[in-house]
Amino acid sequence: MAKSLPKRSEDYSLWYNEIVKRADLAEHSAVRGCMVIKPYGYSIWEKMQAEIDRMFKETGHTNAYFPLFVPKSYLSKEADHVEGFAKECAVVTHYRLKNADDGSGVVVDPEAKLEEELIVRPTSETVIWNTYKNWIQSYRDLPILVNQWANVVRWEMRTRLFLRTAEFLWQEGHTAHATKGEAEAETKQMLDVYAEFAECFMAMPVIKGVKTESERFPGAVDTYCIEALMQDGKALQAGTSHFLGQNFAKAFDVRFAGMDGKVDYVWGTSWGVSTRLMGALIMAHSDDQGLVLPPKLAPIQVVIVPIYKTDEQLKSIRKVADQIRTELRSSGISIKFDDRDTQSPGWKFAEYELKGVPLRIAIGPRDIENGTVEIARRDTKEKATYQTSAVCDAIRGLLDEIQSNIYRKAFDFRSDLTTKVNTYDEFKEALDGKGGFVMAHWDGTVETEEKIKAETKATIRCIPMDQEEENGHCIYSGKPSKGRVVFARAY
RNA sequence: CGGGGCGUAGCGCAGUCCGGUUAGCGUACCUGCUUUGGGAGCAGGGGGUCGCAGGUUCGAAUCCUGCCGCCCCGACCA
């Protein structure tokens with residue numbers, strides 16, 4: 001009867017797909033590569049959004065909204081940008097349908113062809129810089145610190161729920177500055193925001209770094225990123241922040257008069273995180289029983305399950321449950337009392353485990369008699385009995401403890417799977433053995449990077465920002481190097 | 001785009017090779033009774049254009065032709 005998940009150790013990819021569906025996070029839609037985000041999954045995304053949005057506001061940003069459609073000509077104004085995105089764009093060519101002559105349904109009306117095709121945005125730099133052109137004349141108009149929450153479409157060849165879908169939800173920040181230094185500082189600030197969110201809320205340690213030239217965002221001068229490690233030893237890019245230099249300002253002719261009266265191009269940044277974070281969250285902590293959610297992002301932090309035979313028993317359990325619920329709610333904890341009599345307690349236990357609810361309180365006749373409740377932790381599966389009077393304090397403490405425990409667990413896991421290597425043989429051995437992050441010297445050339453990728457499927461995830469200076473030799477070419485970079489096989 | 005798989009009840013599948021009563025199983029759903037400290041038991045019940053179109057045949061989920069769609073692996077990819 002137990003409907004167990006596939007085991008991570010046996011088929012990680014199958015486990016991932018199943019957990020997404022079984023925990024009611026998302027499902028495939030009728031359209032290839034697109035997903036339906038279900039209410040429970042969406043409520044986790046909303047928790048993420050709320051925190052990220054708060055952090056944006058705290059750093060001086062405001063939200064706006066730009067159109068879904070990008071005129072085709074805009075995309076080609078920045079050469080690298082169009083090169084990077086052209087192959088995965090959805091294109092709108094017509095604006096009307098009509099009934100087919102043979103009665104077979106509706107067909108595209110050939111009379112209704114658009115003069116200029118519209119691209120469904122894969123990202124919004126072009127529309128936004130075209131707009132900024134009109135917003136900026138002088139240094140007094142700068143900086144512009146705008147973010148938008150939106151959906152974008154990238155026609156990916158192969159998709160995976162949350163990790164890579166044809167349409168996805170994200171936020172994209174687009175800022176404009178008077179100086180290079182200010183734009184660079186903004187790029188790094190937002191990277192810090194992402195890293196803080198990942199570590200403090202998702203309980204997921206990340207490496208901050210810079211992308212190599214070949215992994216850079218099309219149109220950027222520098223791409224900064226946070227890289228996380230998943231339980232199967234593969235890396236996941238969890239967020240990026242781009243220093244755009246004056247590239248888009250030049251492409252869209254966005255100039256401003258400085259204090260000294262001289263006219264110059266504006267400096268730009270863009271940065272984003274997406275529903276891919278949901279995938280990261282799932283893979284960072286969950287186990288073979290289901291989701292494990294960090295308390296700070298769990299839509300339901302505590303669930304109370306009553307165990308009873310008679311209405312009388314339920315009545316006295318409800319009294320205790322209501323008391324606990326009222327007190328915890330007043331300290332901002334989200335708590336659900338599941339008194340449905342349509343499901344058995346055992347069913348509920350399994351269900352809330354699958355959904356990653358951090359704490360479960362069970363109250364039965366035995367507890368009522370003893371003035372106790374049973375609390376079970378999702379992360380360690382430990383159960384303990386508490387005096388009813390001590391429950392609320394215990395819960396508050398346990399939520400904090402779970403948050404830091406799963407972070408520590410993920411951190412230790414990453415430490416175990418981070419290997420320093422000095423030769424190409426050691427490199428391949430580490431990759432094929434335990435996987436994870438492999439720290440190695442690299443000669444700084446695209447050629448070497450490409451050869452390593454072709455031979456091992458490992459890419460340079462980033463050049464870490466806290467890179468230690470260390471003289472060494474490139475594992476591939478033997479040429480001198482001044483520090484290690486992070487290699488991994490990645491999603 | 002290459003390789004593999006799948007399409008039969010809400011979901012998961014068997015049946016297809018070798019055509020033949022009324023298309024079956026698990027689960028979910030509905031009703032009733034008994035249950036409830038780890039996915040309850042028993043009894044009864046409802047639910048199907050077998051992906052679509054055409055063909056062969058007395059007869060097609062099953063054979064033939066064409067088409068459509070989705071998933072997985074790979075190549076590709078902020």
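Naming convention: chains lettered A, B, ... in sequence-line order (proteins, then strands); numbering from 1 in each chain. Hydrogens, waters and symmetry mates play no part in the numbers below; they use all other heavy atoms, side chains included.
No hydrogens or angles were tested; on distance alone, a donor-acceptor pair under 3.5 Å links the side chain of A:R164 to the base of B:C77. One cannot find a donor-acceptor pair under 3.5 Å joining the base of B:G38 and the side-chain atoms of A:K381. For A:Q343 against B:G39, no side-chain N or O and base N or O form a donor-acceptor pair under 3.5 Å.
When the P atom is compared between B:C13 and B:G51, the two are found 14 Å apart, to the nearest whole Å. One C1' atom belongs to B:C18, the other to B:C11, and the distance between them is 31 Å to the nearest Å. Only the C1' atoms considered, B:A60 is 13 Å distant from B:A23, to the nearest whole Å. One P atom belongs to B:A40, the other to B:G48, and the distance between them is 29 Å to the nearest Å. If you take atom P in B:C50 and the same atom in B:C63, they sit 16 Å apart, rounded to whole Å.
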Could you pull out every donor-acceptor pair under 3.5 Å between side chains of residues 81-88 of chain A and any protein atom, sequence neighbours left out?
from	atom 1	to	atom 2	distance (Å)
A:H81	ND1	A:P218	O	3.0

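The side chain of A:P345 lies closest to B:U36 when the candidates are B:G74, B:U36, B:G39. If you check B:C72, B:G38, B:G37 against the side chain of A:E353, the one that comes closest is B:G38. The A:S13 side chain lies nearest to B:C72 when the options are B:A40, B:G38, B:C72. Candidate nucleotides B:C72, B:C77, B:G39 were compared by shortest atom distance to the side chain of A:E88, and B:C77 ranks first. Comparing B:C70, B:G38, B:G39 by their closest approach to the side chain of A:R32 singles out B:C70. Nearest nucleotide to the side chain of A:A350, out of B:C73, B:C77, B:G38: B:G38. Comparing B:G39, B:A75, B:G37 by their closest approach to the side chain of A:I307 singles out B:G37. Closest to the A:H28 side chain, of the nucleotides B:G39, B:G74, B:C71, is B:C71. Distance from the side chain of A:K309 is smallest for B:U36 among the nucleotides B:C77, B:C72, B:U36. The side chain of A:R366 sits closest to B:G37 out of B:G37, B:C72, B:G39.
Looking at which nucleotide of RNA chain B each of A:S29 and A:T240 is closest to, the 5′-most match is held by A:S29.
Using a 4.0 Å heavy-atom distance criterion, A:T159 is classed as a sugar-phosphate-only contact. Within the nucleic acid shown, A:D367 comes within 4.0 Å of at least one base atom, counting heavy atoms only. Heavy atoms of A:F349 sit under 4.0 angstrom from at least one base atom. Across all strands, A:E374 comes closer than 4.0 Å to base atoms (heavy-atom distances). The residue A:R276 sits apart from the nucleic acid: no heavy atom pair falls under 4.0 Å. When heavy atoms are screened at a 4.0 angstrom cut-off, A:G219 is found touching no nucleic acid atom at all.
Of the N and O atoms on the side chains of A:Y352 and A:K336, at least one donor lies less than 3.5 Å from an acceptor on the other residue. Side chain to side chain, A:T175 and A:T269 meet the donor-acceptor criterion of an N or O pair below 3.5 Å. For the 3.5 Å distance criterion, the side chains of A:D53 and A:W149 qualify, holding a donor opposite an acceptor.
Stacking of A:K211 on the aromatic ring of A:Y224 is not recorded, the 6.0 Å distance cut-off and the 45° axial limit not both being met.
The pair A:E353-A:R378 does not meet the salt-bridge criterion, since no charged nitrogen lies less than 4.0 angstrom from a carboxylate oxygen. Here A:K451 does not pair with A:E447 in a salt bridge; the nearest charged N to carboxylate O distance is not below 4.0 Å.
Pairing each heavy atom of A:G279 with each of A:Y16, the nearest pair is CA-OH, 3.4 Å.
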Watson-Crick and G-U pairing of RNA chain B, under 3.5 Å, as dot-bracket with | and [ ]: ((((((((.[[[[.)....(...]]]].((((((.....)))))).....[[[[[..)....]]]]])))))))....
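Between A:W271 and A:F243, the gap from one ring centroid to the other reaches at least 6.0 Å.
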